[in-house]
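As structure tokens, the structure follows; a few thoughts come after it.
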4 protein chains.
Amino acid sequence: MSQRPSHKPFRPRKTPAQSRSEATVASIVEAAAQVLETEGFEGFNTNAVARRAGVSIGSLYQYFPGKDALTVALIRRETGRFYEDASLALTRRSGKAALEYLVGAAVRQQLQRPMLARLLDIAEGRPALRGEVGGVEMEELVTTVVRRAAPKHERPEVAAGDLFAIVRGMVDAAGERGERDLEDLERRVRAAVFGYLSRSSAA
Amino acid sequence: MSQRPSHKPFRPRKTPAQSRSEATVASIVEAAAQVLETEGFEGFNTNAVARRAGVSIGSLYQYFPGKDALTVALIRRETGRFYEDASLALTRRSGKAALEYLVGAAVRQQLQRPMLARLLDIAEGRPALRGEVGGVEMEELVTTVVRRAAPKHERPEVAAGDLFAIVRGMVDAAGERGERDLEDLERRVRAAVFGYLSRSSAA
Amino acid sequence: MSQRPSHKPFRPRKTPAQSRSEATVASIVEAAAQVLETEGFEGFNTNAVARRAGVSIGSLYQYFPGKDALTVALIRRETGRFYEDASLALTRRSGKAALEYLVGAAVRQQLQRPMLARLLDIAEGRPALRGEVGGVEMEELVTTVVRRAAPKHERPEVAAGDLFAIVRGMVDAAGERGERDLEDLERRVRAAVFGYLSRSSAA
Amino acid sequence: MSQRPSHKPFRPRKTPAQSRSEATVASIVEAAAQVLETEGFEGFNTNAVARRAGVSIGSLYQYFPGKDALTVALIRRETGRFYEDASLALTRRSGKAALEYLVGAAVRQQLQRPMLARLLDIAEGRPALRGEVGGVEMEELVTTVVRRAAPKHERPEVAAGDLFAIVRGMVDAAGERGERDLEDLERRVRAAVFGYLSRSSAA
DNA sequence: CATGAATGAGGGTTCATTCAT
DNA sequence: CATGAATGAACCCTCATTCAT
């Protein structure tokens, strides 16, 4: 009835044990991604998502208690995919290689679906969603890598946050500009990352 | 009978000749800033802005042909203020000092009204508004400063874009986290900026 | 955020598959007719129509993409009804009888809901709606009948247009004056129609 | 404040004794005509009229108590001009010539500013305006001419009304179609008029 | 008297959400 | 469980009219 719900949990309503529901949920989330990509925030509404997913609006609400839950699910999916790739950084031998891998993962992720990544970065910042989307693991991962790459750094958490911001800023801007040269972008991001570390680190 | 919006310019509808309306326009723009700050995009609607400005909705539409025009005006106001400060960088003796001044200006601007700055950065990216908000001067300014600070750099425009993205990314994140330590933030942003330049520049 | 109407089709949004919605659509169109009749163009707004139809404004917009589409639907309904009756003219033996039947149909249609007929005649002329309401069949029908009633006429299409205008002018004026005497009106319209033909036709 | 005033006189607020006001009033009425012609009913609003007339909206309300008064003034102007021309019919020798003159006047009037004439015919029909625009003289004039052209007619008033309706219907339709051939149109209208009379008149 | 800034009721339209089937 | 018709609060915007200057 109203458009302003008060307070809802963002978790999916049911843990889909059956593979059928699982598939439905996945298709809805992917539809959300596509709508966001093609129509932007303007056209991102539940009816459009349901239509694109080929399910009824009722079904959508069967699996997601509200629009925000859908957004959160999408963010979680993308973050998860990114995290999965990024974690591989820990398998690298050197700290430098690990950090380089991290940068590469970020650039890859961004240039794959630039619009989507950018829009989700924005959505993530919405106060209503903050905290719901656990970026904690990501931060920890980056911190760990920073510790290995720059062991002398006095504030690795701060550095991790800064590096995250730097990389996000650069890749989002690249996406906005429509850059397609992955190699070049990665080189520049590395320059920023290692430049920052060399200057802010004690050693 | 029907609506016929078609193509709306973003320019104000009438240049306020009388001082009365000048004040009205200014109060509307400031109200827009406040609403955006306190309510976010969710609560940013023309009625709320008019109410906060203490004028009728009709008055708002006398000066702004639409909601977007209001947003644009706000962006322009903030960009203008920032640019005014940032231009002073050109008065610095050395290229390094100029770049440092630029960073300082960005940090100051950001930490003054963090939410506002962040939200406007987002709004600026909206396809409908791109190009309406001339960020060209800003880019040129940064490019000029980069040329002076790193004369050997092969692609000063690219570097300018990257620096812009780095600084924006860092200060927005800081604003989001609620950082208040201007000094510390500025130090870190400097590290990023000069670190990037030293690594990406030829010399 | 912004509105983006651009080019709206006048066709109903969804062809009602279920009988429930079929009834809803019909009730909305009839409500539109009643509002137009009782309140005139001044009071003809979507909210009033929805209220009179006993449905929510949202439902109205599920079936009609806009106010104009509703108007068009109403025009089509009335035109269709009229056309259905008028087509029977073709079953008459003589051309004269056919033309007389046509006149009778027009008079009947008009005096049944005089206000409605008159207002729709006006609405039909709105540039935005021209062409959307296919009056082509009507014109063709009249032309056919004219050809049979006055085979020697050099410009049957022109005559058809004129006769249409004459009849419409007379019945609308009668409706405006509140005439109720069907017989008398029909007699006069016949006089005009056959008078025109006898004078403009070659023979 | 509100858009729905209750009951206002339609007479101009002041009889402009001074020629300055007279000129202002005239310019406003002509502006109204132009706006109606170029923008249609959709764009016919007081602000637009004032702008086109080159006067302030305040001045417009100085001379016309409301929008309807302006419409009425415009209708009166056009009716007056038409009536002035049409009255010359009475100077004709024969009744037939008088009626022919009448038809000619109507056609001329229509084809001079077709949109305007058509729109005013519609506006004239608005219940709120009926009676305010004295079409009585016109009716009397036509009746007089009918009496002379068809002395044996039993109901000259009815015939006058019908002829009026016929002519209006035909010329409006012609205007709508964009007909420009004055001669041809006049010939056809004559056919309708005299055809009607010959069939409805006793003799 | 002229001006035009200001007003605000009203009207078109969207979309998150519910619920009967 | 799925469906999709129905709901209505909320939002954008216009324009007739007023009134302080």
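Convention: sequence-line order gives letters A, B, ...; per-chain numbering from 1.
At whole-Å resolution of the value, CD in E42(B) and C1' in dC11(F) are 14 Å apart. In this structure, R51(D) atom CZ and dT3(E) atom P are separated by 15 Å, rounded to whole Å. Computed from coordinates, the D68(A) CG to dC15(E) P distance equals 16 Å when rounded to whole Å. Going from atom CZ of F64(C) over to atom P of dT14(E) covers 15 Å, rounded to whole Å. Y61(C) has its OH atom 24 Å from the P atom of dG4(F), to the nearest Å.
Residue T46(D) places its side chain closer to dA16(F) than to any other of dT7(E), dG12(E), dA16(F). With dT13(E), dA5(E), dA2(F) as the candidates, the nucleotide lying closest to the side chain of K67(C) is dT13(E). Distances from the side chain of I57(D) to the nucleotides dT17(F), dG8(E), dT13(E) place dT17(F) closest. Residue N45(A) has its side chain nearest to dC15(E) when only dG4(E), dC12(F), dC15(E) are considered.
Note that the NZ atom of K67(C) and the CG atom of L60(C) stand 11.5 Å from one another [nearest 0.5 Å]. Distance check, rounded to the nearest 0.5 Å: CG of L129(D) to CD1 of I122(D) gives 13.0 Å.
The shortest distance between the side-chain N/O atoms of S59(B) and the OP1/OP2 oxygens of dA5(E) is not below 4.0 Å. Listed pair T24(C) / dA5(F) fails the phosphate criterion, with no side-chain N or O lying under 4.0 Å from OP1 or OP2. For Y63(C) and dA6(F), the shortest distance from a side-chain N or O to OP1 or OP2 is below 4.0 Å. Close to dA2(F), at under 4.0 Å from its OP1 or OP2, lies no side-chain N or O of S56(A).
Taking the nucleotide of DNA chain E with the nearest heavy atom to each of G54(B) and G43(C), the more 5' of the two is matched to G54(B). Residue order along DNA chain F, read from the 5' end via each residue's closest nucleotide, puts L60(C) first among L60(C) and N47(B).
Taking 3.5 Å as the limit, the base of dA5(F) and the side chain of Q62(C) contain no donor-acceptor pair of atoms between them.
Residues T71(B) and A123(B) share a closest heavy-atom pair of CG2-CB, 4.1 Å.
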Where do L120(D) and L36(D) land on the side chain to side chain contact (heavy atoms under 4.5 Å, CB included) test, with the steps shown first? CA-CA 9 Å; L120(D) 287 182; L36(D) 203 52; 3.9 Å; yes

Its dot-bracket string being built from Watson-Crick and G-U pairs below 3.5 Å, with | for another strand and [ ] for crossing, DNA chain F has the pattern .||||||||||||||||||||

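Under a 4.0 Å N-O distance rule, the pair E30(A)/R113(A) qualifies as a salt bridge.
S59(D) and S56(D) form a side-chain donor-acceptor contact under 3.5 Å, judged by distance and modelled atom types alone. In the model, T38(B) has a side-chain atom that pairs as donor or acceptor with a side-chain atom of R52(B) under 3.5 Å.
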